[in-house]
Protein chains: 2
Amino acid sequence: MASERSKTVTLAEVAAKAGVSKMTVSKVLREVGNISEETRQRVRQAAHELGYLPNSLAGTLSSRRSRIVAVIIPSISDIVYSEVLSGVNAILRPRGFQTFIGESQFDPSIEADLIRAMLSFRPAGLLLNGGMARSADAEALLARRNCPAIQLWDCDRHALDFSAGPSHEDAGRLVATHFLDRGLRRIAYVGAELDKDLNARRRYLALKSSLAAAHIDLINVICEDRPRQAVTGRFLTEQLMRMHPEIDGIHFLNDTMALGGLSYLHQAGIPVPERISVAGFNGTSLANAVRTRLTTIDVPRTEIGEKAAQALLRMTEGEPVPDFWQARIELVQGNTTHPA
Amino acid sequence: MASERSKTVTLAEVAAKAGVSKMTVSKVLREVGNISEETRQRVRQAAHELGYLPNSLAGTLSSRRSRIVAVIIPSISDIVYSEVLSGVNAILRPRGFQTFIGESQFDPSIEADLIRAMLSFRPAGLLLNGGMARSADAEALLARRNCPAIQLWDCDRHALDFSAGPSHEDAGRLVATHFLDRGLRRIAYVGAELDKDLNARRRYLALKSSLAAAHIDLINVICEDRPRQAVTGRFLTEQLMRMHPEIDGIHFLNDTMALGGLSYLHQAGIPVPERISVAGFNGTSLANAVRTRLTTIDVPRTEIGEKAAQALLRMTEGEPVPDFWQARIELVQGNTTHPA
DNA sequence: TGCCACGAGGTTAGCGATAACCTTAAAGCT
DNA sequence: AGCTTTAAGGTTATCGCTAACCTCGTGGCA
């Protein structure tokens with residue numbers, strides 16, 4: 001069996017081979033304390049020959065200083081979240097930290113389970129997705145945590161020690177302005193699972209109230225129990241066009257749903273943007289566009305991860321950090337809305 | 001400071017509160033041993049009131065049974081790999097395992113560092129991306145590992161305890177057949193970093209030799225030092241068309257590069273598939289297609305992760321597993337090649 | 001009655017490291 | 001000469017938990 005392959009080499013064995021104490025080996029390998037160059041050589045040589053690999057579990061337990069960072073995101077395979085993860089890793093890995101990844105699927109009870117599991121490893125920090133309803137269980141766990149916790153994707157609320165993300169309200173307003181400037185008046189919102197994704201919900205509400213200020217009623221097609229995927233965007237767009245053929249602008253919850261919607265409109269022979277303008281959210285679909293470049297709001301995803309990780313490092317060193325970092329977002333003009 | 005928030009509750013404190021020994025608490029919480037129902041209640045009550053959270057580091061160290069699984073993939077934000085990760089998580093999480101994620105960026109020396117860092121946590125298993133050149137350092141670490149190791153994305157070679165992935169040679173042949181069946185004769189391959197991505201290299205070689213069997217010389221445009229991204233696909237396609245305007249079929253390393261290439265062809269006014277047929281690899285671009293549905297080879301990414309995780313579980317339980325699992329792949333006809 | 005099995009829980013000894021202090025000899029200082 | 005420093009390394013006591021064995025009382029059974 002693979003797990004019997006070889007008994008692991010411990011500090012004690014390296015110490016015996018080098019003719020010193022365990023403590024000396026520990027000091028040499030961590031590069032602390034006062035050890036002569038000659039002894040260092042001997043120790044390193046012995047460690048190398050034995051193929052010694054430190055046991056981080058023991059080290060962490062003993063020193064009570066962890067280099068594990070726990071990250072919980074709704075979905076790993078959604079590029080929106082995985083790019084944030086890349087940013088986090090880019091900062092933490094070179095500093096010797098390991099990331100634990102959890103996938104909550106926007107489910108508060110899975111999130112709570114994950115928080116519990118991750119805290120049981122006594123991580124140096126916790127990165128959570130902000131845009132979710134948190135269960136009471138999760139809140140209780142968070143209250144008892146003894147590490148910094150950071151909220152990702154959200155800087156409108158400041159529930160934890162630090163937040164990094166865009167203002168979702170700004171995002172909703174940006175789309176409203178863009179549509180209104182182009183003379184659109186019959187505007188619809190297409191989304192899903194707004195009961196779970198509270199960030200999306202705030203974008204939706206901001207759009208709605210911005211339009212209301214211009215005396216326009218937002219028409220919405222929101223389906224709580226379908227995934228926030230292209231297939232749902234397509235389905236809901238079809239519903240929308242059946243019920244409200246007069247629509248002239250649609251804002252989708254995200255780019256993925258927007259692409260689903262666009263594929264329906266294209267198939268139905270409805271010209272975009274001549275008849276209907278379309279905007280998404282996230283800037284994920286621009287890079288790979290062949291013909292249809294979606295107008296969308298670009299969010300600096302990797303940078304959000306980087307800023308969150310940097311704040312975490314600062315907190316673990318006891319340095320002060322601000323309450324939040326607001327990601328600047330930008331409406332990127334594609335060819336699914338009219339140019340200015 | 002956040003890290004001082006509250007001293008953590010230990011088994012001993014729960015034991016004191018419940019009026020039993022630490023061992024009894026440990027047994028109750030792990031649901032092992034013979035403890036009366038009445039005592040169990042008392043212990044659980046005490047644990048709950050104190051907000052006890054087990055320390056998994058200590059538990060793992062003591063029992064020498066780990067529930068950490070280490071996964072190293074080239075890129076987290078590439079959906080191709082992150083969907084595999086989702087599959088892995090879907091199997092492992094419900095069984096109480098945590099995944100450590102590392103990002104190698106196709107760099108053998110980063111990979112070796114990651115393997116070292118992950119093995120230092122004494123994981124229950126190691127999942128590696130198969131299609132990479134492995135450094136001598138990494139090989140040495142793997143030889144001394146004491147956990148099962150599994151290779152992802154690759155089932156042509158069987159270097160570790162188990163492999164899960166498609167046959168990349170089959171993939172290359174599938175494209176060759178598809179192109180030849182459609183009467184294409186001036187065929188090009190566009191790729192990048194084939195020195196790093198050995199799986200892609202095998203697809204390329206299989207395509208080349210299949211065409212050679214039909215007395216056709218594959219024209220290739222491969223750039224070792226640019227990323228395997230859309231922008232590179234676009235750039236290389238432009239080069240290709242300048243040097244070989246007679247081309248009538250292009251196979252791209254992956255879907256992302258193919259979409260970059262398509263966007264160039266579209267902008268240059270070259271009709272696809274009338275003048276040039278295009279095929280990609282991975283099936284990632286079909287779901288979100290608005291107008292251009294790329295002909296590609298679909299790979300069951302999530303399933304690869306699931307099979308790998310299942311094999312790992314089986315190995316940790318000492319059960320036998322086969323050498324590999326071959327993912328079935330399929331050429332999916334889009335509108336960038338002619339129908340059969 | 002005597003013996004064994006079993007239920008219910010406790011004791012001891014680590015797991016593999018590190019923190020915090022301690023020792024010792026040689027060198028430096030007055 | 002006598003005392004303090006310092007370099008170089010060692011000792012001891014945990015970290016928080018679990019494996020493996022031990023104890024003790026009760027009840028069953030021949």
Side-chain angles (χ1 to χ4, degrees), chain A residues 3 6-44 46-47 50-68 96 117 119-124 146, chain B residues 3 6-44 46-47 50-68 96 117 119-124 146:
Chain A
S3 57
S6 59
K7 69 221 151 304
T8 55
V9 180
T10 69
L11 259 195
E13 293 168 54
V14 176
K17 174 144 188 166
V20 296
S21 72
K22 293 193 321 182
M23 203 60 229
T24 302
V25 177
S26 173
K27 286 174 180 164
V28 169
L29 297 181
R30 283 180 300 144
E31 313 201 25
V32 300
N34 249 333
I35 311 291
S36 70
E37 185 50 37
E38 191 208 317
T39 306
R40 301 175 103 76
Q41 296 283 348
R42 257 202 349 273
V43 168
R44 276 200 271 259
L50 292 174
Y52 172 69
L53 195 64
N55 184 324
S56 300
L57 294 162
T60 304
L61 179 61
S62 177
S63 70
R64 273 170 285 184
R65 243 176 310 119
S66 168
R67 304 210 137 226
I68 294 175
L119 287 180
S120 85
F121 283 94
R122 303 295 187 265
N146 50 10
Chain B
S3 56
S6 59
K7 71 222 150 303
T8 54
V9 179
T10 69
L11 259 197
E13 295 168 52
V14 177
K17 173 143 190 166
V20 296
S21 71
K22 294 192 320 182
M23 203 59 230
T24 302
V25 177
S26 174
K27 286 174 181 164
V28 170
L29 298 181
R30 283 179 300 145
E31 314 201 25
V32 300
N34 249 334
I35 312 289
S36 70
E37 186 50 36
E38 190 207 315
T39 306
R40 301 174 103 76
Q41 296 283 349
R42 261 208 339 279
V43 167
R44 277 200 270 259
L50 293 174
Y52 172 69
L53 195 65
N55 183 325
S56 300
L57 293 161
T60 304
L61 180 61
S62 176
S63 70
R64 273 172 286 184
R65 241 174 313 118
S66 168
R67 304 208 138 227
I68 295 174
L119 286 180
S120 84
F121 283 93
R122 304 296 187 263
N146 49 9

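The figures here come from the full heavy-atom set of this structure, side chains too, leaving out hydrogens, waters and symmetry mates. Here is the naming used below: chain letters follow the sequence lines, and residue numbers restart at 1 for every chain.
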Open item on the list: Does anything in residues 8-29 of chain A form a salt bridge (Lys or Arg N to Asp or Glu O under 4.0 Å)? List the pairs, not counting sequence neighbours.
Closed with: A:Lys17-A:Glu49
TODO: State whether B:Ser21 places a side-chain N or O below 4.0 Å from either non-bridging phosphate oxygen (OP1 or OP2) of C:dG9.
DONE: no
Task: Qualifying residues under side-chain hydrogen bond (donor to acceptor under 3.5 Å, both in side chains), relative to B:Thr24, sequence neighbours excluded - done: B:Ser21
Task: Five-pair end axes of the helix from C:dT1-D:dA30 to C:dT30-D:dA1, angle between them (10°) - done: 50°
TODO: Check every nucleotide of DNA chain D for an atom under 4.0 Å from a heavy-atom of chain A, then give the first and the last such nucleotide from 5' to 3'.
DONE: D:dA7 to D:dG16
- [ ] Give every residue pair that meets the salt bridge (Lys or Arg N to Asp or Glu O under 4.0 Å) criterion with at least one member in residues 51-61 of chain B, sequence neighbours excluded.
- [x] none
Task: Donor-acceptor under 3.5 Å (A:Ser120 side chain, A:Ala117 main chain) - done: yes
Task: Nucleic acid footprint by protein, nucleotides 20-27 of chain C - heavy-atom cut-off 4.0 Å, B for base, S for sugar-phosphate alone - done: B-------
TODO: Apply side-chain hydrogen bond (donor to acceptor under 3.5 Å, both in side chains) to B:Ser66 and list each qualifying residue two or more places apart in sequence or on a separate chain.
DONE: none
TODO: Measure the distance from CZ on A:Arg30 to P on C:dG16 and round it to the nearest whole Å.
DONE: 17 Å
Open item on the list: So, using ring-ring contact (aromatic ring centres under 6.0 Å, His included) as the criterion, who are the partners of A:Phe121 when residues are at least two apart?
Closed with: A:Phe100
Task: side-chain contact (heavy atoms from CB on, under 4.5 Å) evaluation trace for A:Arg44 with A:Val28 - done: CA-CA 8 Å; A:Arg44 276 200 271 259; A:Val28 169; 4.2 Å; yes
TODO: Kindly state which residues belonging to residues 51-62 of chain A come within less than 4.0 angstrom of DNA chain D, counting heavy atoms of the residue only, listed by number.
DONE: A:Leu61, A:Ser62
- [ ] Output the distance between atom CG (B:Leu53) and atom CG (A:Asn146), rounded to the nearest 0.5 Å.
- [x] 9.0 Å
Open item on the list: Run the side chain to side chain contact (heavy atoms under 4.5 Å, CB included) test against B:Arg65 and tell me which residues pass, sequence neighbours left out.
Closed with: B:Ser63
- [ ] To the nearest 0.5 Å, tell me how far B:Met23 CE sits from B:Leu11 CG.
- [x] 8.5 Å
- [ ] Would you list the pairs meeting salt bridge (Lys or Arg N to Asp or Glu O under 4.0 Å) in which at least one residue belongs to residues 29-41 of chain A, sequence neighbours left out?
- [x] A:Glu38-A:Arg42
Task: Integer-rounded Å distance: C:dG16 P and B:Asn146 CG - done: 11 Å
- [ ] Please list, by residue number, the residues of residues 33-41 of chain A whose heavy atoms come closer than 4.0 Å to an atom of DNA chain D; answer none if no residue qualifies.
- [x] A:Asn34, A:Ile35, A:Ser36, A:Thr39
